[in-house]
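Step one of this worksheet: look at the structure below.
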2 protein chains.
Amino acid sequence: MLSFIEENYIKSIYKIAEASGGPVSTNSLAEKMGIKAATVTDMLRKLSDKSFIHYQKYQGVTLSEKGNNRALQIIRKHRLWEMFLVQKLNFGWDEVHEVAEQLEHIQSEKLIHELDRFLDYPTIDPHGEPIPTASLEMNREPVWYLFNFRKADILTVVGVSDDSALFLNMLDSLAISLGSLIEILECNEYDNSFLIKLNNKATVLISQKVAQNLIVQPNNDRK
Amino acid sequence: MLSFIEENYIKSIYKIAEASGGPVSTNSLAEKMGIKAATVTDMLRKLSDKSFIHYQKYQGVTLSEKGNNRALQIIRKHRLWEMFLVQKLNFGWDEVHEVAEQLEHIQSEKLIHELDRFLDYPTIDPHGEPIPTASLEMNREPVWYLFNFRKADILTVVGVSDDSALFLNMLDSLAISLGSLIEILECNEYDNSFLIKLNNKATVLISQKVAQNLIVQPNNDRK
DNA sequence: ATATTTATTTAGATTAGTCTAAATTTTATT
DNA sequence: AATAAAATTTAGACTAATCTAAATAAATAT
Ligand SMILES: [Mn+2]
Ligand SMILES: [Mn+2]
Ligand SMILES: [Mn+2]
Ligand SMILES: [Mn+2]
């Protein structure tokens, strides 16, 4: 059995590795988890002893097969619970993450299997992120961000890659949600901001940071 | 914030006090929780400092107003989750307790409020026990056990007062479930066992222990 | 190639929750 | 009432997860 805390380390290692490709540094883990590097070092030794990770002093860390599977299980649970909260319990997409952080650690094979069935085997969560299947496969279709497009492109919002409340509240206040229609009116080279027309109505300015976290699908055939 | 462990102490104090009426002894808590009395003493001091309990050395412990409310909140969550598992996720009544022990500690006002609505505000859980309302009231109608009745009485099973897997598995193997019809054929004074006719079919012998934990409703007007 | 800076690990301390063994208080029995 | 037994608390120790400060290794800059 792993503690909640050990599970959170494994999940964080997975997330950082996913974003960077390579091995995960002690410092990056410490920063992500809001704790000190010395604490991380202790835990890495422990997770290595339990063979969830491959760890060489000073060389960073990678998940073992076992660790990777555990990470995917946790992410599966997290995203299924988020789906449950949005679809069945009237939560907004900006309210689910915190609760899912707790629910993802509940231990019960049957629970998660039945939840999956109850939700009719969803493949993406409320933020547009893929949900690993029971056999831990993820339908990773290529994901495009608003940032990848240019003037005159027409797009539909299908997800976000940052599910912090801060970001999702910002989208709410911009009136951007899943399904919103976006036409790019201008790409400003100066600060990489985007001027867009939203649902053929309001004109809105989007910062680089927002544009890098909005997952969209093109409605025309430009790249 | 209380830890899971602190919450479990409070719940155990509530349960023991509910059964016994009076103040709760260190030893009874230690036994219920499967830990040593010395450990309990430490925790009682801590819960007293946080004013969840009234505690005098050597005199046992009672819940404060604050502690009682917290206990009821936890029990509310436990029983709502059990209801969810049975009604929505195809769990059997003998499978839910262990998972509910985990879920009862999830912190989210909105979650439990919406779960209550989603289940249409149930008043009893799958074992026939009352679910505290959002304002922590419990519709405590008097409960009758099979043990309270006598020869020729006809009863319907509406709950159990022991939700251990051991007991519920035993009921399953006796083919007794919620709604089962029971006619008392014989009350044996020797060992307080009961011979019953089940659903007008099989004849079954029930031990005193089982009879004391089966909650029933009379189908005729005898007491 | 050295020196400096940055990243990481080691050492020692702290808190929560638990234990065993010993001391003390309360309860029960002569 | 005195003694024995039981219940409870105290004392001291352990593990998990964290911290700060110091030491060491790796990376970078001169
Ligand atoms: Mn999330
Ligand atoms: Mn988490
Ligand atoms: Mn239960
Ligand atoms: Mn519990």
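Because the structure is predicted, anything quoted here is derived from the model rather than measured.
In this structure, CG of A:Leu29 is placed 11 Å from P of C:dT9, rounded to the nearest angstrom. Following rounding to the nearest Å, B:Tyr55 (OH) and D:dT8 (C1') show an atom-to-atom distance of 7 Å. Separating the CG atom of B:Leu44 from the P atom of D:dT8 is a distance of 10 Å, rounded to the nearest angstrom. Note: CG (A:Leu47) to C1' (D:dT18) measures 15 Å, nearest angstrom.
Taking every heavy atom of both residues into account, A:Phe91 and B:Ser108 meet most closely at CZ-OG, 4.3 Å.
Among residues two or more places apart in sequence or in another chain, the side-chain contact (heavy atoms from CB on, under 4.5 Å) test is passed with A:Thr123 by none. Looking at residues two or more places apart in sequence or on another chain, you find a ring-ring contact (aromatic ring centres under 6.0 Å, His included) between B:Phe4 and A:Phe4, B:His105. Residues forming a ring-ring contact (aromatic ring centres under 6.0 Å, His included) with B:Phe84 (at least two apart in sequence, or on another chain): A:Phe84, B:Trp81. Residues passing the side-chain contact (heavy atoms from CB on, under 4.5 Å) test with A:Asn213 are A:Ser161, A:Asp162, A:Phe167, A:Lys209, sequence neighbours excluded. Judged as a ring-ring contact (aromatic ring centres under 6.0 Å, His included), and not counting sequence neighbours, B:His127 has no contacts.
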> What one-letter contact string describes nucleotides 19-26 of chain D from 5' to 3', where B marks a base within less than 4.0 Å of any protein heavy atom, S marks contact via sugar-phosphate atoms alone, and - marks no contact?
Replying inline: BBB--BSS
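For B:Arg45, taking side-chain heavy atoms from C-beta onward, the closest of the listed nucleotides C:dT18, D:dT9, C:dT8 is D:dT9.
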Would you be so kind as to tabulate the donor-acceptor pairs closer than 3.5 Å made by side chains of residues 31-41 of chain A, with sequence neighbours excluded?
residue, atom, partner, partner atom, Å
A:Thr41, OG1, A:Ala37, O, 3.2

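Against DNA chain C, the stretch residues 4-28 of chain A makes heavy-atom approaches under 4.0 Å through A:Ser25, A:Thr26, A:Asn27.
Applying the salt bridge (Lys or Arg N to Asp or Glu O under 4.0 Å) rule to pairs touching residues 58-72 of chain A yields A:Glu7-A:Arg70, sequence neighbours excluded.
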